[in-house]
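Right, one structure below, let's go through it.
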Number of protein chains: 2
Amino acid sequence: MTEPKRATIYDVARTAGVSKSLVSLVLRNSPNVSPARRQAVLEAIEQLNYRPSHAAASLAGGSSRTVGVVIDDYTNLWFVELLRGLQDGLSAAGLRIAVSDRTLNAHIASDPLDGFLSTRVEALVLATEPTESMRIPANMPVVVAGNRAMKIPGADVVASDDRAGARQATEHLLSLGHRRIGHLTGGGGASQQRREGYEQAMRAAGLEALVIAPGSATTEETGYRGTQELLTRFPNTTAILAGNDSMAMGALAAARERDLQVPGELSVVGYDASPLAATHLLQLTTVDSLNSEIGAEVAAALLSRLADPAREPVSVRLAPRLIQRRTTAAPGRR
Amino acid sequence: MTEPKRATIYDVARTAGVSKSLVSLVLRNSPNVSPARRQAVLEAIEQLNYRPSHAAASLAGGSSRTVGVVIDDYTNLWFVELLRGLQDGLSAAGLRIAVSDRTLNAHIASDPLDGFLSTRVEALVLATEPTESMRIPANMPVVVAGNRAMKIPGADVVASDDRAGARQATEHLLSLGHRRIGHLTGGGGASQQRREGYEQAMRAAGLEALVIAPGSATTEETGYRGTQELLTRFPNTTAILAGNDSMAMGALAAARERDLQVPGELSVVGYDASPLAATHLLQLTTVDSLNSEIGAEVAAALLSRLADPAREPVSVRLAPRLIQRRTTAAPGRR
DNA sequence: CTGAAAGCGCTTACAG
DNA sequence: CTGAAAGCGCTTACAG
């Protein structure tokens with residue numbers, strides 16, 4: 001038995017006994033179709049196992065109905081909740097999401113944007129630090145997710161207030177009685193703002209800021225190395241605010257290596273409320289940057305921008321909140 | 001200044017002073033093009049910022065040059081290395097990858113396959129447990145990555161030998177002197193084979209298998225709960241082989257909660273060699289299932305299948321190897 | 001609602 | 001290599 005060729009819209013029309021135009025209307029959920037005919041078309045689609053061709057629809061309609069999302073690296077899981085919120089907000093509008101990971105693409109020396117431009121994505125979501133090398137077409141709608149060092153002219157920005165979150169986390173440690181609180185920072189706009197929030201809170205309390213910058217990556221590895229350096233230079237540190245949850249995990253490792261009880265002898269706070277922070281092993285006090293809500297707001301910004309390309313860029317800022325778990329307590333004897 | 005319309009292949013041809021056909025040849029890297037003309041075309045492309053339309057190329061060429069990869073869940077990071085190996089193997093052949101996450105899609109009640117079928121993907125890679133509800137077209141090339149409970153007729157399978165890996169890990173614990181070794185298992189084909197490998201090794205050593213199945217998920221949570229159950233039912237257990245690294249992380253959490261030193265009082269072995277296992281905090285002894293190599297073999301199977309759709313299905317099995325880190329040692333006093 | 005027509009931006013095959 | 005032609009499977013706009 002030879003494989004039949006894939007069914008086209010003509011086959012569906014013939015099977016349903018309607019015109020090709022009517023099938024197209026049903027596919028795009030037009031209201032001006034009688035229930036009976038709609039039913040006939042849907043049955044024909046089911047029977048023929050028909051799937052409309054993206055390529056043809058995109059080419060003919062002049063619109064791919066796809067939004068490109070650029071993320072940093074699959075390993076840093078903050079994007080998962082962002083995608084969930086984004087997908088929820090876009091699927092009702094019939095828009096789909098394509099994800100591109102910069103780390104993976106760097107490997108094969110291909111610009112993730114090239115693929116998206118060939119796909120003719122309707123808009124771009126940047127959930128990563130933009131770089132000069134990203135040549136974004138002037139008329140491309142862009143929403144930046146998260147705080148970034150580089151500004152994209154005309155782009156909307158949706159982020160939680162990293163300065164306020166870091167301030168809140170630092171004040172939590174201060175209120176527990178800590179005075180020697182170190183901070184682990186990294187590269188990028190979010191790190192910068194978190195650092196500023198930490199410094200503001202320390203200054204307001206009349207305390208010295210102890211900032212360690214172990215590198216631009218904000219990973220378990222840099223968190224580990226940064227904590228080693230912090231505890232070597234300032235041995236009487238009693239608390240650490242890490243730049244994100246991955247760095248906090250490294251801090252916990254360094255503490256264990258020095259036989260420092262957490263939180264008895266060293267308190268540790270993360271940032272992002274990633275799945276990692278919620279594990280039984282970490283039970284990490286962290287700042288929830290509301291990633292799923294950021295995704296929802298990104299979707300809203302996207303839809304309104306698509307509806308009105310000329311509207312002024314907006315900047316949405318969400319208020320983060322501290323999640324207290326088991327890695328923070330009053331300072332012990334040290 | 002109004003935005004110019006996107007450049008098309010006609011614009012490139014005109015700018016380069018060549019025919020449209022020649023531009024198409026350059027785009028598809030044909031060898032029958034003189035260097036001078038190729039250069040002229042590439043300059044025109046650069047100057048016009050031209051990006052060929054996927055949709056048009058796919059429709060006209062009758063081929064999307066895209067492979068669809070279905071993964072379980074972004075949170076389980078074993079897929080990252082798989083994608084890397086896969087991408088390396090496919091990019092030279094001009095094939096790109098589209099990834100779909102089942103967990104995310106379940107959320108909006110859309111079958112990930114539907115999207116891929118509309119995209120007219122050339123082939124499917126299943127890096128997840130297949131289900132009956134996946135209606136895969138009969139003529140679609142499929143490669144299954146990893147050991148799965150359900151067989152797909154005609155599909156190639158690339159996996160590491162989970163039975164051998166689990167056996168190796170168990171023998172490692174036996175050779176350290178452990179006799180009471182528990183195993184944490186979950187759902188799916190990989191879990192099943194790992195369990196069998198563990199049971200074989202225990203039987204061969206004349207020991208009783210202690211298997212705990214805390215649920216079908218293989219997460220930190222089930223690892224934690226499974227270890228609680230194991231240590232309650234068999235309090236003198238001295239070692240645990242977890243179904244994967246996430247479960248091992250949960251085991252470490254449960255051990256800490258009971259004040260059991262790892263590895264002094266309890267040895268723990270993971271599986272997958274995920275990024276998690278390599279962290280300073282875990283330093284987990286684990287089995288490397290060679291995910292990047294699996295990705296490379298999947299790519300090879302895909303290319304040969306595309307070249308010869310009629311060839312017999314193959315089954316590639318890689319030999320995993322144990323990575324010893326800091327969570328295993330000889331049993332202590334208990 | 002139908003039906004005929006044009007067109008989206010490419011690839012393919014072919015005569016020259 | 002060029003150039004003219006057909007066609008991929010849809011959407012769109014329109015006359016009826």
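First the proteins, then the strands, lettered A, B, ... as listed; each starts at 1. In what follows, every heavy atom counts, from backbone to side chain, and hydrogens, waters and symmetry copies are set aside.
Ion pairing of A:D156 with A:R311 is present here, as a side-chain N (NZ or NE/NH1/NH2) and a carboxylate O approach within less than 4.0 Å. Look at A:R102 and A:D73 and you find no salt bridge, because none of the NZ, NE, NH1 or NH2 atoms lies under 4.0 Å from a carboxylate O.
Residues B:D72 and B:E129 share a closest heavy-atom pair of OD1-N, 4.2 Å. The two atoms that bring A:W78 and A:D272 nearest to each other are CB-OD2, 4.2 Å, heavy atoms only.
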Go ahead and write out DNA chain D as dot-bracket, 5' to 3': ( ) for pairs within the strand, [ ] for ones crossing earlier pairs, | when the partner sits on another strand, dots for unpaired; Watson-Crick or G-U wobble, both distances under 3.5 Å. |||.||||||||.|||
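When the options B:V142, B:V158, B:L124, B:V125 are evaluated for a side chain to side chain contact (heavy atoms under 4.5 Å, CB included) with B:L302, the one that passes is B:V125.
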Could you tabulate the donor-acceptor pairs under 3.5 Å formed by side-chain atoms of residues 18-25 of chain B, not counting sequence neighbours?
residue : atom : partner : partner atom : Å
B:S19   : OG   : B:L22   : N            : 3.2
B:S24   : OG   : B:R28   : NE           : 3.4
B:S24   : OG   : B:R28   : NH2          : 2.8

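Side-chain contact of A:E122 with A:T66: a donor-acceptor pair under 3.5 Å is absent, judged by distance alone.
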One character per nucleotide, please: for nucleotides 8-16 of chain D, 5' to 3', B when the base has a protein heavy atom closer than 4.0 Å, S when only the sugar-phosphate does, - otherwise. BBBBSB---
